[in-house]
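Let me begin by presenting the structure, written as structure tokens, before commenting on it.
To find a chain, count down the sequence lines: A is the first, B the second, and so on, and within it residues start at 1. The analysis underlying the following values was restricted to heavy atoms, covering all of them including side chains, and did not include hydrogens, waters or symmetry mates.
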Amino acid sequence: MQVLSVHSWPQAIAHLDADAFFVSCEQASMPALKGKCVAVGKERGIIIALSYEAKAKGVKRGMFVSDAKRICPGIIILDSNHETYGLFSVRMFEILKRFSPKIEEYSVDEAFIDLTGLRRLYSCSYEEIAVKIQNTIEQELSISVSIGISITKVLAKIASKYKKPHGITAIPGNKIHLYLSNILIEDVWGIGPNTASLLKKFDIKTALDFALKNENFVKKYLSKPYIQIYKELKGEPSIEFIEKISPKSISKAKSFYPPSQKPEDLILPHQTMPFALSIYSLTLFLIMALKDRCFLFFKAISLAS
DNA sequence: ATGGGTCCT
DNA sequence: AGGACCC
């Protein structure tokens, strides 16, 4: 089997993914819930997050609460509390910033951490730095995380998912092929159902099958994002590391049931009022928040159907 | 499933 | 504007 990259660590990118984040936050706030079947999503009647104990009983995300209770009697269903999750998230990123100045906040519960060159500072391997990060978050926040380390973002993503929950997986450049052969093409970050089925027509079933194609093939059939993924799978960094997440737009959208046919439909039904109010409060919020940044302006406040 | 995003063509 | 993909 051929080697995709000869160097072990030309750079070291970690991807951190919290385990069952929303439920972990609830369990950290209410320790009596630890080790139990717990889910979040009571208010809408649909499960949006669940503990590993509940997953083991076959409860799935998107399930009706009523079905979850049937499959898993005794499951504790909680209202979601996004403000709390946001606070845990902020504290988690604060911890990460103690380990490296270069952090990408990818979502509430995910981050990329550039660890390149930090082995000397910590006098240990990249994998051991990841263990220190994992332990610190565990001790200070009572949140369990999984961490993957490799030489590109796409490979770090694969690594963090490789062992979960509470896993640490390091994929050095000279061992990429050993891991990619176990990864289905549809499980690669950025490869959705459409692209996966296209690639399967060319007999590409695993991430390794894709990485071993020649570049001309990839350029012939696929667009830019997929060429980047292809390069990253081979160990060549192509996706930019984004240190600051500043939203380019803020919007509020809602669908109407039944679909609106005429302008009055958007005004008359009383259930559209909360939407009108939220647009109004969003506008007020933006005016307050952007007051002293005169280069920002409203391009559109839209109603979507 | 749904709602909020990004990037690319 | 529409498509594909992400969490």
Side-chain angles (χ1 to χ4, degrees), chain A residues 15-25 39-50 59-68 77 79-80 82-83 85-86 88-89 92-93 104-112 143 145-146 148 152-154 156-158 160-161 164-165 184-200 207 210 218-233 238-257 259 271-272 274-275 278-279 281-282 285-286 299-305:
Chain A
H15 177 256
L16 176 145
D17 193 347
D19 305 319
F21 183 63
F22 290 179
V23 169
S24 292
C25 293
V40 160
K42 189 153 161 261
E43 70 286 353
R44 300 189 57 241
I46 287 167
I47 306 293
I48 58 178
L50 15 51
V59 183
K60 298 263 196 305
R61 272 180 44 161
M63 232 178 215
F64 291 118
V65 164
S66 50
D67 294 333
I77 316 269
D79 285 334
S80 64
H82 292 275
E83 309 81 60
Y85 312 149
F88 273 91
S89 179
M92 192 172 81
F93 294 129
E104 175 176 340
E105 296 179 16
Y106 183 68
S107 74
V108 266
D109 73 329
E110 286 183 41
F112 290 98
I143 294 284
V145 303
S146 298
T152 67
K153 289 172 75 177
V154 168
K157 262 269 192 187
I158 286 172
S160 69
K161 200 154 71 167
K164 239 182 168 304
L184 294 175
I185 192 66
E186 61 265 36
D187 292 334
V188 175
W189 182 42
I191 306 283
N194 271 300
T195 310
S197 70
L198 170 68
L199 291 175
K200 282 187 181 167
F210 189 36
V218 181
K219 285 184 171 160
K220 182 167 179 186
Y221 294 107
L222 299 167
S223 58
K224 186 171 169 181
Y226 305 100
I227 296 165
Q228 287 183 307
I229 292 166
Y230 165 76
K231 288 180 175 172
E232 292 243 330
L233 284 174
S238 299
I239 299 176
E240 197 191 350
F241 194 101
I242 306 162
E243 291 187 55
K244 293 254 172 178
I245 296 287
S246 60
K248 296 217 168 86
S249 70
I250 304 172
S251 68
K252 191 90 190 167
K254 189 174 181 59
S255 303
F256 296 96
Y257 305 104
Q271 66 260 50
T272 66
F275 180 54
S278 65
I279 282 278
S281 59
L282 176 68
F285 169 77
L286 289 170
K299 194 169 179 184
I301 294 172
S302 61
L303 289 165
S305 69

Closer than 4.0 Å, any side-chain N/O of [X] to the OP1 or OP2 of [N]?
X      : N     : answer
A:N194 : C:dG3 : no
A:K157 : C:dC7 : yes
A:T195 : C:dC5 : yes

What is the nucleic acid contact for [X], judged by heavy atoms within less than 4.0 Å: base, sugar-phosphate only, or nothing?
X     : result
A:R44 : sugar-phosphate
A:I48 : nothing
A:G62 : nothing

[N] [atom2] sits how many Å from [X] [atom1], rounded?
X      : N     : atom1 : atom2 : answer
A:K224 : B:dC7 : NZ    : P     : 11 Å
A:I227 : B:dC7 : CD1   : C1'   : 14 Å
A:D109 : C:dC6 : CG    : C1'   : 12 Å
A:I47  : B:dA1 : CD1   : C1'   : 13 Å
A:I229 : B:dC8 : CD1   : C1'   : 12 Å
A:Y226 : C:dG3 : OH    : P     : 13 Å
A:H82  : B:dT2 : NE2   : P     : 16 Å
A:Y221 : B:dC8 : OH    : C1'   : 21 Å

Nearest of B:dT9, C:dC7, B:dA1 to any side-chain atom of A:W189?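 Selected nucleotide (nearest to the side chain): C:dC7.
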A:P193 side chain, from C-beta outward: closest of C:dC5, B:dT9, C:dC7: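 Ranking C:dC5, B:dT9, C:dC7 by closest atom to the A:P193 side chain puts C:dC5 first.
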Spacing of A:D19 atom CG and A:K164 atom NZ [to the nearest 0.5 Å]: 3.5 Å
Reported CG-to-CD1 distance for the pair A:L233 and A:I158, which is rounded to 0.5 angstrom: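 So the gap between those two atoms works out to 5.0 Å.
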Checking the side chain of A:E105 only, and the main-chain atoms of A:F93 only, is there a donor and an acceptor separated by less than 3.5 Å?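 Side chain of A:E105 to backbone of A:F93, a donor-acceptor pair under 3.5 Å: no, none is there.
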Check each of A:K161, A:K153, A:E110 against A:H15 using the side-chain hydrogen bond (donor to acceptor under 3.5 Å, both in side chains) test, and report the only one that passes.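 For A:H15, the side-chain hydrogen bond (donor to acceptor under 3.5 Å, both in side chains) test succeeds with only one of A:K161, A:K153, A:E110, which is A:E110.
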Below 30° counts as parallel, above 60° as perpendicular, anything between as tilted: where do the rings of A:F112 and A:W189 land? tilted
